[in-house]
Amino acid sequence: MTPTLLILPTIISLATHGAAAFTPSSRILRVPSAVRPSSASPLLAVKTSDGSTTSRLKRIKSFTEWAKESGIKSSLFTCISGTSDVVAHIKCKCVFLPSYAGIELSSTDKSGLGLYATQPLSPNAILIQVPTKLTLSVESPKDYNKVMEQTFFPSNPKLYRNASWWACLSIQLNYYDKINPTSQQGTTSLQPWMDSLPRVYDTPLHWEPSTLHDLHYPPILEAISLQKSKWKHQYDTLASQSPEFATQIPYPDFVWGCETARSRAFSGAYSGSAFNPIPYATVAVLVATYLALGMGTVEQAANGAALVVCGTILKDFVLPKLLKVQKYVICPLIDMANHVGVDAGGNVAFEYFSDGFSLSVLGSGVDMGSEVCIQYGPRNNDQLLQYYGFVEKDNVHDIYILPPIRQWDIGALEVACGRKVGPGRLEKLDRAGLLGRESNIQLSDSSSDGDAANEIGGVVLTRATGIDPAVIQAMRALVSSDEEWENAGEAIGNFATQVSPENERAARLAIKRAMELELESKPTTVEEDENLLQIMNAKSGGVEMEELLAVMFRLEKKKLLKEAIRKM
């Protein structure tokens, strides 16, 4: 057997391993939405985003009927709503195809739409399958879409190809929503799906400055400001060079598309190309002909076939990873699944052989009556609030961004640790880039999409791992004695590990005091926020959801800060 034949089974096994996992890069803003206490998903709040629950349910009913007719397996047949109080008491249940019984789309009291189990669900069971032809997708860093390019950028298609992924999806959403609902395959109208999408979002992007100030957390204000700047900059770039784009997609519609994309798209490092049997069938015919005519040996024919098969698999699986191709997909129906930070019951994947996306059961299964949640990714509360409109209680992925070390009160730290900062320490840290930057937000191509703006190099601490090790290293050097400084050769790198018990204690006391000062600078305490939250939740009306969310968000940040202080 030749070397080619030896590696073939290994490569085929990689290709046939099952579904290619996709991570929700950004997920759905729940509509209608309200406070959602849940044992499975301890989300703290979201808000109705289209102003009319009744209208939303009617549109969802049309969408579920469309899903069934369009070939979504486990599609929804009917949607029945009964309300005694249209806003506060909503009950919507949708029945699935018998072959996929066990899950329903439901909205119960004070809860957004979600997927719930009507019977115990076994691990690995596939609940929903959506054909790729019904999805919207973008490949990054460059997306090629002739329909979008010819419609909006006929004289300069590179404008679309070089746009950010969320901008490309916004363009697609606006095209199908307002210009032509027919899918690119020309067989299905996407209008019922487009009609089911939220029309208005109540994320912090739209909050009043006074409400944003009530978050008591500058990094998220920086992130939102950066988000606004990048979206406006992207729109202006496209509109200034394409009259077709500028006249057909006004800026508010572009923002709607961006928010829909950022809150509903899944992502994965896979090209999304489905299994194509034609190359394999062609190879089989050629091999048979080759052998029948006596043109070569069996080994030679097998080698040729193996090269074709390997080339196809490498194109679908290996090259996208080598080229760092990222695929972003908006998938109807599956995006109704809500988020949970840990122990998600569902998983989204691309099915290579069936050319579609699936939602399947994870872990030990899902109990009857429980919500089938997925994980949007390791999202902190900054990201969840900014793009999805909710806060997760005790979020294991949450972070806190302290001011950069250059802004810390050095005098207070000296008092706390009982040591003086010696000469030359701050200058060394500054040259090493450990003091953070002085500038504020900058709009640049290298900037993030604003997931957690930290343009000034603030000190990051996480619930999972605590303070950044580089900060501990910096503080060891900063509070080192003259002897410790000299023994380290006045090199910051030599403080990467503990230099002495006394130095370690001083460094940690200094960091602890910096955290305490940050907590003390807040206009309210944890106890005051908890009491205010109880009062707000007790009121039957008169409390804006933005105000409630602001208190919830800042309370979670203070709790995280207190935890970090205790650990130091």
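All values below come from the heavy atoms of this structure, side chains included, with hydrogens, waters and symmetry mates left out. The first residue in the sequence is number 1, and the count goes up from there.
- Of the possible polar contacts, one joining the T135 side chain to the T132 backbone as a donor-acceptor pair under 3.5 Å is found.
- Residues forming a ring-ring contact (aromatic ring centres under 6.0 Å, His included) with F153 (at least two apart in sequence, or on another chain): F245.
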For the pair K558 and T524, evaluate side chain to side chain donor-acceptor pair (under 3.5 Å) and give the outcome as yes or no after the intermediate values.
CA-CA 10 Å; K558 290 170 189 171; T524 58; 2.5 Å; yes
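- L121 CG to S370 OG: the interatomic distance, rounded to the nearest 0.5 Å, is 9.0 Å.
- Using a 4.0 Å cut-off between a side-chain N of Lys or Arg and a carboxylate O of Asp or Glu, K559 and D398 do not qualify as a salt bridge.
- In this structure, the separation between CZ on R554 and CG on L533 is 9.5 Å, given to the nearest 0.5 Å.
- Classification of the Y376-Y388 ring pair by plane angle, with boundaries at 30° and 60°, yields perpendicular.
- A side-chain hydrogen bond (donor to acceptor under 3.5 Å, both in side chains) with T203 is found for one member of E546, E259, Q227 and no other, namely E259.
- One distance of note links CH2 of W231 with CG of L226; it measures 11.0 Å at 0.5 Å rounding.
- Atoms CG and CG, from L359 and D335 in turn, are 11.0 Å apart once rounded to the nearest 0.5 Å.
- Side chains of W485 and K428 form a contact here, defined as non-hydrogen atoms less than 4.5 Å apart.
- A distance of 9.0 Å separates CG in L434 from CG in D468, rounded to the nearest 0.5 Å.
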Would S481 and R419 count as a side-chain contact (heavy atoms from CB on, under 4.5 Å) if you check the C-alpha gap in whole Å, the side-chain angles of each, and the deciding distance to 0.1 Å?
CA-CA 8 Å; S481 65; R419 289 191 173 197; 4.1 Å; yes
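- E556 contributes atom CD, which lies 10.5 Å from atom CG of D529 (distance to the nearest 0.5 angstrom).
- For the side-chain hydrogen bond (donor to acceptor under 3.5 Å, both in side chains) condition, the pairs that include at least one residue of residues 500-513, sequence neighbours left out, are R476-E504, E484-S500, E484-N503, E504-R508, R513-E516, R513-E520.
- Judged by distance alone, the side chain of K522 and the main-chain N or O of H216 form a donor-acceptor pair under 3.5 Å.
- Considering only residues two or more places apart in sequence or on other chains, S364 meets the side-chain hydrogen bond (donor to acceptor under 3.5 Å, both in side chains) condition with none of them.
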